[in-house]
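Side chains included, hydrogens not; waters and symmetry mates left out as well; all remaining heavy atoms used. In this chain, residues are counted from 1 in sequence order. What you see is a predicted model; the values in this text were computed from it and never measured.
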Amino acid sequence: MNRTAVVTGGARGIGAAIALRLAKDGHNVAVIDLREEDTQDVVQEIEAAGGKALGIGADVTDEESANKAVERIAQELGAPTILVNNAGIIRDDMLFKMPLEGFTKVLDVHLTGNFIMTKAVQKYMVEEKFGRIISMSSTSALGNRGQTNYSAAKAGIQGMTKTYAIELGKYGVTANAIAPGFIQTDMTKATAERIGMDWEEFVKLNITQIPVGRAGVPDDIAHTTSFLASEGAGFVSGQVIYVAGGPRN
């Protein structure tokens with residue numbers, strides 16, 4: 001069934017792969033990022049393949065900005081009943097060096113942004129008696145050196161997801177989280193740069209820790225998102241799925 005999906009942080013990397021996959025599944029897709037112009041490549045690729053897409057510049061941590069974006073989506077694409085909370089940032093540093101601003105900013109984007117977007121979209125889901133809330137967590141929720149802020153945020157997303165599932169389940173709304181492991185993106189390249197390691201060597205090092213013997217790619221996350229957004233996933237809710245090439249890598 002054709003529905004309207006919203007993907008935050010959808011201009012690149014995992015978000016872009018998810019937006020393209022959901023469009024391929026037949027959904028209208030709203031691509032949200034900080035700057036509308038950054039969304040255009042993804043929007044144009046969707047439209048070139050015959051899909052319907054809308055690019056919107058919005059700050060998910062700003063309630064007014066997010067609410068306006070959701071209202072526009074409802075008017076131009078239809079009631080948003082699939083939400084992918086993917087927007088995120090990193091400000092990696094060791095605990096003793098991490099500034100307070102670097103801690104709070106990461107929590108604000110990942111947690112406050114998730115809350116604001118989910119609150120704005122859930123009313124449409126309740127009205128339609130169908131909803132899919134899919135949020136990006138991470139294996140870093142289990143703890144990761146230099147990521148006190150990011151680990152806290154990703155663990156928080158898991159708790160929020162389970163609460164959404166409890167509160168909204170009776171309205172036909174499911175909520176799940178995906179916890180990617182090592183995925184080759186600009187964000188992981190930034191981590192390699194932070195620790196002063198060559199990118200190719202960084203990838204090889206991480207692969208040694210992954211049971212399936214390869215690094216992940218954005219499409220790995222997009223495939224899982226596609227399932228969780230589907231009609232067939234209606235009895236899967238409140239779950240955290242580790243897409244990491246192993247139990248917790």
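A donor-acceptor pair is defined here as one N or O able to donate and one able to accept, closer than 3.5 Å; such a pair exists between the side chain of Ser65 and the backbone of Asp59. Between the Asn86 side chain and the Val7 main chain, no donor and acceptor come within less than 3.5 Å of each other. A donor-acceptor pair under 3.5 Å is formed between the side chain of Asn67 and the backbone N or O of Glu63. When atom types are taken as modelled, the side chain of Asp198 and the backbone of Glu201 share a donor-acceptor pair closer than 3.5 angstrom. Judged by distance alone, the side chain of Glu71 and the main-chain N or O of Ala69 form no donor-acceptor pair under 3.5 Å. A distance-only check finds no donor-acceptor pair linking the side chain of Thr112 to the backbone of Thr61 [under 3.5 Å].
Side-chain contact, Asn85 with Thr118: a donor N or O sits under 3.5 Å from an acceptor N or O.
Judged by a 6.0 Å distance limit and a 45° cone about the ring axis, Arg3 is positioned over the six-membered ring of Phe130.
Under the salt bridge (charged side-chain N to carboxylate O under 4.0 Å, His left out) criterion, Asp93 pairs with Lys97, sequence neighbours left out.
Among the candidates Thr4, Asn28, Val6, Val84, the single residue satisfying the side-chain contact (heavy atoms from CB on, under 4.5 Å) test with Leu22 is Val84.
By the neighbour-count criterion of 12 heavy atoms within 6.0 Å, atom CD of Glu64 is sparsely surrounded, having that number or fewer from other residues, nucleotides or ligands. Applying the 6.0 Å contact sphere to NZ of Lys162 captures more than 12 heavy atoms from other residues, nucleotides or ligands.
Atoms CG and CZ, on Asn149 and Phe103 in that order, are 7.0 Å from each other to the nearest 0.5 Å.
Between Ile46 and Ala53 the shortest heavy-atom distance is CG2-CB, 3.8 Å.
Checked against a 6.0 Å centroid threshold, the rings of Phe115 and Tyr164 do not count as neighbours.
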